[in-house]
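Each remark here refers to the structure printed beneath this line.
In what follows, every heavy atom counts, from backbone to side chain, and hydrogens, waters and symmetry copies are set aside. Whatever order the structure lists ligands and atoms in, that order sets their numbers, starting from 1.
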Amino acid sequence: MAKYVLYGGPGSGSVSVEAALQEAGADFDLVHIDTNKKENFDAKFTAINPRQQIPALILLDGTVVTECAAILLHIADAFPTANLAPKPGSSARALHDRWLVFLAVNIYEGELRKGYSDRYSDDIGHAQAIAGAAGKYVERHYGILEQQIGAGPYFLGQQFSVLDIYIWMVAQWMDQDWLVSNCPKVLALANAVKARPKINKVQASHFGAA
Ligand SMILES: N[C@@H](CCC(=O)N[C@@H](CS)C(=O)NCC(=O)O)C(=O)O
């Protein structure tokens, strides 16, 4: 029987996809691409994702999907009974997608500028300044996110969604002390996601025990 194939690596963006596949009850194989060994630049993986980044998810019919946010939305739509996002076309879904994309283009992107700051200028001497500015940029966007979170436990109240999975993932990459002091709602939401049994296992295998 056909299975999904997830190309990913420990602690990377593929963590959100793994968590969503687990929540959906999907059958999948995990292929480890070691970015430290630059396996993402190999010809074989480049043929899958010319952007040379993980994650990439191969659907049951062989379609390749990249970009965490797009993959998560696909999983939510492909497994409607798992109830991982509001109904397509609803206002709740529009809100959900708004903040998912906000996270992808601001917080995840800012984390990349922190982590790969040498790639953002031809002058290696700029790297430290780029990382510093990116750190402030990420903090600013966490501040905006914090203001959007209500009583919880999830972003949409009682309804758990792939947006919560995304928030949990990026929160693992953030300085935990900074989150404690500045974003208690983000932290509480991430902890609520972490406490879900299926995600707790993913948490433990990528980031260590919660
Ligand atoms: N926009 C992409 C970003 C993916 C990304 O940057 N992945 C990182 C790991 S978290 C990666 O593959 N890094 C290896 C590299 O860029 O060399 C997404 O949302 O999926």
Shortest protein heavy-atom distance from atom 2 (C) of ligand 1, along with the residue and atom involved: Glu67 OE1, 3.1 Å
Residue, atom name and distance, where the atom is the protein heavy atom closest to atom 13 (N) of ligand 1: Tyr116 OH, 2.7 Å
Student check: side-chain heavy atoms of Gln172 and Gln203 closer than 4.5 Å: yes
Proximal candidate to atom 16 (O) of ligand 1 [heavy atom criterion; set Met169, Gln53, Arg119]: Arg119
Heavy-atom nearest neighbour in the protein, as seen from atom 8 (C) of ligand 1, with distance rounded to 0.1 Å: Ile54 O, 3.7 Å
Salt-bridge criterion met for Lys136 and Glu139 (N-O under 4.0 Å): no
Any side-chain donor near an acceptor of the partner, Ser121 and Asp123, under 3.5 Å: no
For Phe41, the ligand 1 atoms whose distance to one of its heavy atoms is below 4.0 Å: 17 (O)
Parallel, tilted or perpendicular: ring planes of Trp99 versus Phe155, cut at 30 and 60 degrees: tilted
Those atoms of ligand 1 less than 4.0 Å from some heavy atom in Pro55: 20 (O)
Cys68 N/O under 3.5 Å from ligand 1 N/O: yes
Where ligand 1 meets Gly13 - atom numbers and elements under 4.0 angstrom, heavy-atom basis: 10 (S)
Ring centres under 6.0 angstrom apart (Tyr108, Trp173): yes
Those atoms of ligand 1 less than 4.0 Å from some heavy atom in Asn40: 14 (C), 15 (C), 17 (O)
Asp77/Arg93 salt bridge by N-O under 4.0 Å criterion: yes
Min heavy-atom dist Ala104 to ligand 1 below 4.0 Å: no
Which residue and heavy atom of the protein sit nearest atom 10 (S) of ligand 1, plus the separation: Tyr108 OH, 3.0 Å
Spatial distance of atom CD1 (Ile144) from atom CG (Asn106) [nearest 0.5 Å]: 7.0 Å
Where ligand 1 meets Leu112 - atom numbers and elements under 4.0 angstrom, heavy-atom basis: 6 (O)
More than 12 heavy atoms of other groups within 6.0 Å of Asp122 CG: no
